[in-house]
Q: 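Sharing a structure, written as C-alpha cells. Questions coming.
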There are 2 protein chains.
Amino acid sequence: MDLEAVRTFVAVADAGRFQEAAADLSITQQAVSKRIAALEKDLAVRLFTRTARGARLTVDGQAFLPHARDLLRAEERAADSVRPARRALRVDVINRRIAPAALLRGFHGAHPETELDVVTLFDADTAIAAVRAGTIDASFRAVALPPQQLPDDIGTARVLDDPLRLLTGPGHELAGAGAVTLAELAGQRIWMPGNAAGTEWTAYYDRLAAEFGLIIDAVGPNFGSDALLESIAGSPTLATFVGEHDRLVWPAHYDLRRIVVHDPTPVYPHSLVWRRDNPHPALAALRAHLDSTRPDAPDDTLWTPT
Amino acid sequence: MDLEAVRTFVAVADAGRFQEAAADLSITQQAVSKRIAALEKDLAVRLFTRTARGARLTVDGQAFLPHARDLLRAEERAADSVRPARRALRVDVINRRIAPAALLRGFHGAHPETELDVVTLFDADTAIAAVRAGTIDASFRAVALPPQQLPDDIGTARVLDDPLRLLTGPGHELAGAGAVTLAELAGQRIWMPGNAAGTEWTAYYDRLAAEFGLIIDAVGPNFGSDALLESIAGSPTLATFVGEHDRLVWPAHYDLRRIVVHDPTPVYPHSLVWRRDNPHPALAALRAHLDSTRPDAPDDTLWTPT
DNA sequence: CCTAGTTCACAACGCGTGGTTGTGCCCTGC
DNA sequence: GCAGGGCACAACCACGCGTTGTGAACTAGG
C-alpha cells in the first residue's frame, strides 16, 4: 500500500473532486486519477463513484476513510518520534521488565496524552552521556551508588526503593521458607549472570555480598531473563534476586518461589537522571508524577549501601 | 515515507542482520541496504549502527521501532477494512450525530475489541439493498413505519424509541415554556429541511402532523445540521424536533432551547436491520448488546404511528 | 599475525513505476 | 442541443528501485 496514494485518497474524499484534490497536492488531475486507480486495484475495491459533478465515496470508501486517516496519523507520529524538535519524551530504562518500566507505565496511565518512547541503553555511563547530549530526555539508573561524581548540569532524584526478593526453584533448600533474614543467606550462591564488573548492578551487589557474606556469582553470559529463570527453576543450589516491583513472568510449571528477605530488607535504589536545562514539558510532568509516588523516608528495616 | 522501507526496517530490527532480513523479504542484501539508507535519509536520522556482526538499533531506531510497528498495524487494519473476508462490522446510520450513532458508541464502549466501521447511506431503500447484498452488515432505520413489506431474509428489531424535544431559538414564542403538550403545538411550523417526500423521516412526521395539526415544513435544501441550527437560533417562528439522545452540538451564544413535549411524548422508533444469514460474529454481539439496552414496553404517554 | 569468512556499502545497469501533456467520452445544466 | 466541467485513457519520459558484481571493514581461528 502506497502512503502517497492513501494521502491522495483522503484529499479526494475531503475535496469531493479529483481536480481540487490535485490542486491541493500540486499535481495533475491525471496523476490523482492514476493514484486512486492504483489504490483501488491494490485493495480490489472501488473507493469512489465517479459522477459528472465529482467523486462520491462508495460504502467501501466510507469504511476505508477513517482507517486511512489513522494510517496518516500513525505516519506523522512515527516521523515525529525521531524529529529532534517536537518529539515524544524519550526515557531509558535498564530493562523493560523491571521496576522502572512499571513506574513508566504508571506515568503513562496517569498522563495518557503524553507521547512516550522507551529505549534501552548499554550501561549507566552511556545513558548519562546520552542525557547530556540530549539524545534521550531521562534515564532510570542506580546513580546513588557508588557515590560517583555527576556533572553539575545533571539532575537526579531517588524515585523508587525496590525491596529485593529471593527467587529459587522448587528444589532449593530455602524453597519452603516463608521468609529469610539477610544473615541467613550467608554462604548462599546468588546468580546474576552478565553483570560484568563495573556496571551499576555489581556495585550494588558487591557491597551487599561484602556486608552479609553472600556469594554473588556473575559468571556466564547473560542469555536473557527467560534463560536465567529456567536455570533457577531446575537448580537446587542457585538462587537470584528480583525486585518486588519487577514484572518478570515465567511458565507456571517452573514453580518458582519468591521469598521475602527481612531484617533488614535489601532495597535497590532506582533514580531518575535528567539534564537540568532540558525544556521538554513532559519531563516536568514525569518528575512531578514520580515525586508524588516517591517512597517514604528510609527506615531501619531497609538496607541500602551507605 | 515508504511503507516498504518501514517494513524492511522492522524486519532488520527483528533479524539483527541485513542479510537475514533480506532473506525474509526475498530480496537481496543490497536492496535492504538501500531501503534503510533511503529511510534514514528521509528521517534525517541514523537508525542502525552497522557492525561486523550485524546491525544494532540506535536510540533513534529504538524510539522509531514501536511507531513503525504501529504504522504497519494501521496499514493492516486499513486493508482489512475493505477485505470482504475478515473485515470489521460495517454499520449504516442515518447521521453520525443522532441517536443510533450514540447506540453504536455505547456498543463500542462495551466491546472495545470489536472492529467497527460506520457508514452513511442515502436512504432506507439503498440501505436495505446493501444489507441484502452483504455490502454492509447492519443498518439503523425506522422500518417500523410505514409497515412496509420487508423480504424474508431480513431481520429487524426495535432498538430505541427516542423521545422528541422541540428545539427553538431564544426569540420563539415557546422559548420560555418548560414543557408543552403535543396539542399545544397545533399550527406551529416545524422545519425539517431536506426531508424529501418518500423518505422514512417524512413518513413519520407526516403522520405526526396529520394527527396533531402541526405544519411540517420540508422545503429548502439541507445544508446540514449546523446551518439548520443557525437558522433556528435566529428565527422567532421556526422550530424543529430533535431526539433526546441526539448528539447535536451548537455554539453557546445560539442560546437554543430544548423543550420537553408530553401528553403524549412523540418518540421516533429506531430499528436495526440485518440479513438473517449474515454470520459475522460481531453482528450477534451487536444485537445482544442492543437487546440488553432495549427500551421498555411502550406506555400510554408515548406516541408512535400505529 | 595472517587468513577465511563474515558483515554492509558502493557502482553500474535495466526494467518498471509514476509523473506529465494531450485528448476523448460522459454527464449535467442552460 | 450545445457548452462546460469532470474523469479516464494513451503516449511519452524520467527517476526510482531492484538486480549483479565488487570492495572495504571487521571478527574469529589457527
Side-chain angles (χ1 to χ4, degrees), chain A residues 1-58 60-62 64-65 68 71-72 75 122 196 221, chain B residues 1-58 60-62 64-65 68 72 75 79 122 196 221:
Chain A
M1 194 183 303
D2 178 13
L3 281 182
E4 285 310 303
V6 174
R7 205 184 319 283
T8 306
F9 165 77
V10 172
V12 173
D14 287 342
R17 266 173 290 128
F18 280 34
Q19 309 226 70
E20 197 176 327
D24 293 345
L25 300 170
S26 304
I27 55 176
T28 62
Q29 166 264 317
Q30 289 86 339
V32 171
S33 183
K34 272 194 181 185
R35 284 187 185 178
I36 298 298
L39 187 60
E40 288 178 329
K41 185 181 175 188
D42 182 39
L43 299 172
V45 133
R46 200 127 243 257
L47 295 172
F48 293 103
T49 57
R50 280 75 161 171
T51 76
R53 263 210 304 281
R56 292 195 68 78
L57 285 168
T58 62
D60 285 312
Q62 287 188 45
F64 186 67
L65 181 56
L71 191 54
L72 297 181
E75 181 199 16
F122 179 65
Chain B
M1 193 182 304
D2 178 13
L3 280 182
E4 285 310 304
V6 174
R7 205 184 319 283
T8 306
F9 165 77
V10 172
V12 173
D14 287 342
R17 268 174 287 127
F18 280 35
Q19 308 224 72
E20 196 176 328
D24 294 344
L25 300 171
S26 304
I27 56 176
T28 62
Q29 166 269 127
Q30 288 85 340
V32 171
S33 183
K34 273 195 179 183
R35 283 187 185 178
I36 299 298
L39 186 60
E40 288 179 330
K41 184 180 175 187
D42 182 38
L43 298 173
V45 134
R46 199 129 245 257
L47 296 172
F48 293 103
T49 58
R50 280 76 161 170
T51 77
R53 262 212 304 282
R56 292 195 68 79
L57 285 168
T58 62
D60 285 313
Q62 287 188 46
F64 186 67
L65 181 57
L72 298 180
E75 181 199 16
F122 180 65

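Numbered from 1 within each chain, the chains take letters A, B, ... in sequence-line order.
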Q: Spell out yes or no: do the side chain of A:Gln30 and the base of C:dG19 have one donor N/O and one acceptor N/O closer than 3.5 Å?
A: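 It does not, because no donor-acceptor pair links the side chain of A:Gln30 to the base of C:dG19 below 3.5 Å.
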Q: Would you please confirm or rule out a distance under 4.0 Å between OP1 or OP2 of D:dA8 and any side-chain N or O of A:Ser33?
A: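 So the side chain of A:Ser33 is within the cut-off, an N or O lying under 4.0 Å from OP1 or OP2 of D:dA8.
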Q: Starting from C1' on D:dT20, measure out to NZ on B:Lys34 and report it in whole angstrom.
A: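 Result: 11 Å.
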Q: Can you find a side chain N or O atom of A:Thr28 that sits less than 4.0 Å from OP1 or OP2 on C:dT20?
A: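 Looking at the OP1 and OP2 atoms of C:dT20, one of them is under 4.0 Å from a side-chain N or O of A:Thr28.
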Q: For the pair made of CD1 in A:Ile27 and P in D:dA14, what is the distance, rounded to whole Å?
A: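 These atoms are roughly 20 Å apart.
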Q: Would you say the side-chain atoms of A:Thr8 pair up with the backbone N or O of A:Glu4, donor to acceptor, closer than 3.5 Å?
A: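 Pair found, side chain donor or acceptor close to backbone of A:Glu4.
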Q: Using five pairs at each end of the helix from C:dC1-D:dG30 to C:dC30-D:dG1 to define an axis, what is the angle between those two axes, to 10°?
A: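 Helix axis angle between the two ends: 30°.
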Q: Can you tell me which residue among B:Arg35, B:Lys34, B:Arg50 is in a salt bridge (charged side-chain N to carboxylate O under 4.0 Å, His left out) with B:Glu40?
A: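 Only match with B:Glu40 under salt bridge (charged side-chain N to carboxylate O under 4.0 Å, His left out): B:Arg50.
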Q: May I ask you to evaluate whether B:Arg53 reaches the phosphate of C:dT7, defined as a side-chain N or O under 4.0 Å from OP1 or OP2?
A: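 Answer is no, no contact under 4.0 Å.
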Q: Does A:Arg50 have a side-chain nitrogen or oxygen under 4.0 Å from the phosphate oxygens OP1 or OP2 of D:dA8?
A: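 Affirmative; the distance criterion is met.
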Q: Ignoring backbone atoms, establish whether B:Arg35 has a side-chain N or O less than 4.0 Å from OP1 or OP2 of D:dG18.
A: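 Affirmative; the distance criterion is met.
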Q: Any side-chain N or O of B:Gln29 under 4.0 Å from OP1/OP2 of C:dC8?
A: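 It does not, given that no N or O in the side chain of B:Gln29 lies less than 4.0 Å from OP1 or OP2 of C:dC8.
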Q: Relative to each other, are the rings of A:Phe48 and A:Phe9 parallel, tilted or perpendicular (30° and 60° limits)?
A: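 Tilted.
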